[in-house]
J.: 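Shown below is the structure under consideration.
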Amino acid sequence: MESSVRLSLRKRRNSESQPTITKFFTTVKRDRSLSESKNVSQKLEESINPAQKEVENAENLLYSEDELRDLLGIPSPSFPNDIPNGENPIGLENLPKKIYSYIFTILDLHSVNSLSLTSTTMASRVKCYVAGHEFYRRIHLDQLDFMDSSIRPDDEEFDENDPFTACGALIKSITITLDTKVRAQVFLNICRNLRIQLGGSLHGFGRLLEAMTQHWKFSERRIMVKAAILIDNEVRLSLIKVLTSSPGKYVGLEMKVRSRLTELFLNRNQEIEDTLPDEIIEFGSWLSILLRNAVDKYQGKLYYVLFGPTKLSRTGECVDWMYFGDDNNSRATLRKSEANYKKIMTTLLNGIRALRVMSNSKNSDQAWDEKKIYQLFLRIVGSCEREGAWSETACSMALAIDTSGLFSEYLISHLDPRRNDYSKLLDECAEMVCLVRTHLYRWSSTPATFLAEPLHHVFNHLAQIDGHYGGNYKLFLDKIWKTQKARMTRLVECARNTTEWNLSIRDELDGQLSMVRLLSDFTDVVPLRPAVRAQAIREPHEQDEQQEE
């Protein structure tokens with residue numbers, strides 16, 4: 001009987017026929033405290049600190065009922081006859097404590113949240129309820145009911161009936177006048193007690209955190225990230241060990257950090273191609289905050305722990321630090337086939353692409369410019385160097401997947417005439433253009449479509465350096481033509497009378513032909529010698545004749 005009553009009274013549905021409880025009351029809007037803007041703007045110490053100063057401070061945080069009452073400003077003395085104010089007549093704002101506990105328990109949390117916003121007095125009553133053990137017990141029961149229901153994450157009613165989302169919104173409401181640091185302590189206190197009530201699991205706490213921090217600024221969310229990591233202090237200690245040790249030293253801890261941080265901060269859909277822009281921005285925002293809570297030299301390693309490929313070992317699943325470094329064709333398996341290779345690389349780069357979408361959006365107060373994103377990518381590559389540097393295939397495929405971002409910045413950063421090794425870098429960039437073009441041709445047959453933007457970007461950059469279309473502009477363009485010719489020549493000279501070699505030559509020839517028009521557009525603005533221009537036009541015909549031979 002109790003279970004059926006609880007289900008019928010607490011389940012919240014989107015229905016205009018059921019008005020919210022605050023329809024009968026005047027909602028009181030309250031502002032933040034005057035010290036709020038000052039506190040949230042103060043620069044925080046870097047999170048990953050071997051001295052573990054913040055961890056030690058966190059251990060001193062009490063998460064008892066008395067501590068929570070002090071944080072929320074709830075008066076401690078008991079009232080005669082269990083009535084808050086015995087001198088006033090009994091009404092909705094002046095009922096015995098047991099009556100409030102019963103009312104709030106049978107109401108759904110969204111309605112309790114709405115009641116807390118009606119007046120300061122009612123907010124105090126709700127705070128007393130949240131600070132008691134009955135609150136954690138009802139969340140536990142709500143979660144059991146919710147798990148038994150048939151509502152799935154992609155259903156419209158999921159957020160409306162999710163107890164963690166409702167709990168986060170409630171904590172947000174009852175702490176609305178407090179400093180962000182105090183709100184973080186309230187959040188940590190409640191979450192630690194709730195985690196104990198739920199048996200130690202962190203599942204669902206990410207949705208609670210999202211609901212509480214919805215529409216918050218970067219500086220405020222960053223404080224909450226620090227608090228959320230401390231819900232389970234073992235996560236904090238594991239994170240420090242993983243980031244300050246060599247890759248693969250703590251296999252179990254790496255997967256633990258990956259699992260726990262994903263549950264808390266990255267529970268959004270991470271497939272960039274099939275996700276709504278708002279979800280991509282949220283995913284990028286939380287990833288940005290999480291990465292910036294680590295010092296720069298650890299950001300690439302943390303990113304790879306979160307999104308890098310995994311493999312099965314004798315001890316279980318672990319992060320595969322060598323996946324992109326092994327380029328030995330004799331050891332290639334189905335897992336290393338080009339289709340799977342591309343899929344795993346795309347998964348790895350989803351976070352980088354989300355950071356770019358988030359930074360380009362006006363809905364976020366965070367920013368990662370192209371240079372910083374490219375530096376993050378270099379740190380990701382560098383985090384694997386101890387186990388083996390990334391292969392040429394891995395690097396070129398990553399640039400091919402994100403041509404408008406990573407590849408464009410790669411060309412700009414390398415083609416700097418002031419560098420002593422500029423001649424060598426010209427050769428590398430021209431070769432990389434051909435490698436990226438080869439990947440794009442295999443995937444779409446239209447590489448020029450994806451390479452137009454980065455090539456226009458770098459050629460304009462070179463033209464601005466010299467102030468004209470000769471010089472470095474002409475030099476790099478000429479280098480691309482020569483590199484394409486050299487690649488074709490090597491294939492023909494080493495060719496064997498096999499189907500595999502014939503397909504390789506055909507792919508290279510067709511890939512070059514697909515780029516002729518784009519490269520010719522750049523050639524048209526350069527005062528090239530007639531012989532060079534004729535060579536650019538003649539090369540495709542010569543390649544056709546070589547293929548026929």
J.: So L302 and L291, do their side chains get closer than 4.5 Å, heavy atoms only?
T.: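 SC-SC contact between L291 and L302 confirmed.
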J.: Could you tell me whether a side-chain N or O of S383 sits under 3.5 Å from a main-chain N or O of I380, the two making a donor and an acceptor?
T.: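 Looks like yes, one N/O pair under 3.5 Å.
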J.: When rounded to the nearest 0.5 angstrom, what distance separates CG in N293 from OG in S288?
T.: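 Taking CG in N293 and OG in S288, the distance rounds to 9.5 Å.
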J.: Main chain of Y441, side chain of S444: is a donor-acceptor contact present, judged purely on distance under 3.5 Å?
T.: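 Judged by distance alone, no pair lies under 3.5 Å.
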J.: Closer than 4.0 angstrom, basic N to acidic O: yes or no for E508 and R437?
T.: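 Answer for the salt bridge query: yes.
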J.: Do L208 and F187 make a side-chain contact, defined as non-hydrogen atoms from C-beta onward lying under 4.5 Å apart?
T.: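 Yes, their side chains come closer than 4.5 Å.
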J.: Measure the shortest side-chain to side-chain distance between L440 and T403 over non-hydrogen atoms and say whether it is less than 4.5 angstrom.
T.: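 Touching, per the 4.5 Å side-chain cut-off.
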J.: Quick one: does any side-chain atom of T347 pair with a main-chain N or O of K343 as donor and acceptor, under 3.5 Å?
T.: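 Checking the backbone N and O of K343 against the side chain of T347, a donor-acceptor pair under 3.5 Å is found.
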J.: Counting N and O atoms only, with roles assigned by atom type, does the side chain of R442 sit under 3.5 Å from a partner on the main chain of D507, one being a donor and the other an acceptor?
T.: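 Not confirmed, R442 side chain does not pair with D507 backbone.
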J.: Can you classify the ring geometry of F459 versus F522 as parallel (below 30°), tilted (30 to 60°) or perpendicular (above 60°)?
T.: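 Rings of F459 and F522: tilted, as their planes differ by 30° to 60°.
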J.: Please answer whether the main-chain N or O of F164 pairs with a side-chain N or O of D162 as donor and acceptor at a distance below 3.5 Å.
T.: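 Side chain of D162 to backbone of F164, a donor-acceptor pair under 3.5 Å: yes, one is there.
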J.: I need the E263 CD to R207 CZ distance, nearest 0.5 Å.
T.: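 If we round to the nearest 0.5 Å, E263:CD and R207:CZ are 10.0 Å apart.
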J.: To the nearest 0.5 Å, what is the distance between CG on L426 and CG on N472?
T.: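 So the gap between those two atoms works out to 7.0 Å.
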J.: Within the 4.5 Å heavy-atom criterion, are F218 and S285 side-chain neighbours or not?
T.: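 With C-beta onward as the side chain, the pair stays apart.
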J.: If you measure from the Lys or Arg side-chain nitrogens to the Asp or Glu carboxylate oxygens, is any gap between D416 and R418 under 4.0 Å?
T.: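 Answer for the salt bridge query: yes.
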J.: Show the numbers, then the answer: is there a side-chain contact (heavy atoms from CB on, under 4.5 Å) between W501 and C494?
T.: CA-CA 9 Å; W501 274 99; C494 300; 3.9 Å; yes
J.: Decide if atom CZ of R419 counts as having more than 12 heavy atoms of other residues, nucleotides or ligands within a radius under 6.0 Å.
T.: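 Enclosed.
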J.: Please determine whether side-chain contact (heavy atoms from CB on, under 4.5 Å) holds for the pair Y422 and L415, giving the CA-CA distance in whole Å, both sets of side-chain angles, and the decisive distance to 0.1 Å.
T.: CA-CA 7 Å; Y422 181 60; L415 296 180; 4.3 Å; yes
J.: Which of parallel (below 30°), tilted (30 to 60°) and perpendicular (above 60°) describes Y469 and Y473?
T.: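 Rings of Y469 and Y473: perpendicular, over 60°.
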J.: Indicate the atoms forming the closest heavy-atom contact of L349 with A398, along with that distance.
T.: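 Closest heavy-atom pair between L349 and A398: CD1-O, 3.6 Å.
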J.: Within the side chain of S246, is there an N or O that forms a donor-acceptor pair under 3.5 Å with the backbone of K249?
T.: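 It does not hold such a pair.
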J.: Specify whether F324 and Y304 have parallel, tilted or perpendicular ring planes, treating 30° as the upper limit for parallel and 60° as the lower limit for perpendicular.
T.: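 If you compare the ring of F324 with that of Y304, the planes turn out perpendicular.
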J.: Is there side-chain contact between R487 and L435, with heavy atoms separated by less than 4.5 Å?
T.: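 Yes, their side chains come closer than 4.5 Å.
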J.: In terms of side-chain heavy atoms, does T310 have a donor or acceptor partner in E317 at a distance below 3.5 Å?
T.: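 A pair is found: one side chain offers a donor N or O, the other an acceptor, under 3.5 Å apart.
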J.: Say you draw a straight line from CZ of F265 to CE of M224; how long is it, rounded to the nearest 0.5 Å?
T.: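 Between atom CZ of F265 and atom CE of M224 there are 9.5 Å.
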J.: Compare every heavy atom of G248 with every heavy atom of E254, then report the nearest pair and how far apart it is.
T.: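 Reported closest heavy-atom pair: OE2-N, 2.8 Å.
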J.: Find out whether W216 and K172 are in side-chain contact, i.e. whether some heavy atom of one side chain is under 4.5 Å from a heavy atom of the other.
T.: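 Yes, at least one pair of side-chain atoms sits under 4.5 Å.
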J.: Over all heavy atoms of both residues, which pair between R258 and L306 is shortest? Give the atoms and the distance, please.
T.: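 Of all heavy-atom pairs spanning R258 and L306, the closest is CZ-O, 3.4 Å.
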J.: Measure the acute angle between the ring planes of W443 and H439, then classify it against the limits of 30° and 60° as parallel, tilted or perpendicular.
T.: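 The rings of W443 and H439 lie parallel, inter-plane angle below 30°.
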J.: Is it true that a side-chain atom of Y341 and a backbone atom of M397 form a donor plus acceptor pair closer than 3.5 Å?
T.: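 Between the backbone of M397 and the side chain of Y341 there is no qualifying donor-acceptor contact (under 3.5 Å).
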J.: Where is the tightest heavy-atom contact between L264 and A228, given as atom of each residue plus distance?
T.: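 Heavy-atom minimum between the residues: CD1-O, 3.6 Å.
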J.: In terms of side-chain geometry, is the basic nitrogen of K474 or D478 positioned less than 4.0 Å from the acidic oxygen of its partner?
T.: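 The answer is no: the pair does not qualify as a salt bridge.
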J.: Has the side chain of D421 got a donor or acceptor atom that lies under 3.5 Å from a matching backbone atom of K424?
T.: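 Side chain of D421 to backbone of K424, a donor-acceptor pair under 3.5 Å: no, none is there.
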J.: Side chains of F283 and I272: closer than 4.5 Å at any heavy-atom pair?
T.: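 Yes, their side chains come closer than 4.5 Å.
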J.: If you measure from CD on E271 to CD on E279, what distance do you get to the nearest 0.5 Å?
T.: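 If we round to the nearest 0.5 Å, E271:CD and E279:CD are 12.0 Å apart.
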J.: Do R221 and E282 meet the salt-bridge criterion of a basic N to acidic O distance under 4.0 Å?
T.: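 Result for this pair is yes, salt bridge flagged.
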J.: Quick check for you: to the nearest 0.5 Å, what is the distance between M432 atom CE and L411 atom CG?
T.: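 These two atoms lie 9.0 Å from each other.
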J.: What are the two closest non-hydrogen atoms of S514 and A448, and how far apart are they?
T.: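 Looking at all heavy atoms of both residues, the closest pair is O-CB, 3.7 Å.
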J.: Below 4.0 angstrom, N of the basic side chain to O of the carboxylate: do E234 and R260 qualify?
T.: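 No, E234 and R260 are not salt-bridged.
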J.: When you look at Y410 and V436, which way does the side-chain contact (heavy atoms from CB on, under 4.5 Å) test go after all the steps?
T.: CA-CA 12 Å; Y410 165 85; V436 171; over 6 Å; no
J.: Take atom NE2 in H457; do more than 12 heavy atoms of anything else shown fall under 6.0 Å from it?
T.: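 12 or below, so no.
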J.: Is there a side-chain contact between V305 and L261 in this structure, where contact means two heavy atoms from C-beta onward sitting under 4.5 Å apart?
T.: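 Of all side-chain heavy-atom pairs linking L261 with V305, none is under 4.5 Å.
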J.: Using the rule given for side-chain contact (heavy atoms from CB on, under 4.5 Å), can you reason through F377 versus D402, listing the C-alpha separation, both sets of side-chain angles and the distance that settles it, and then say yes or no?
T.: CA-CA 11 Å; F377 172 71; D402 193 19; over 6 Å; no
J.: Under the 3.5 angstrom rule, does the side chain of N350 hit a backbone N or O of Q270 as a donor-acceptor pair?
T.: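 Yes; judged by distance alone, with no hydrogens or angles, the pair exists.
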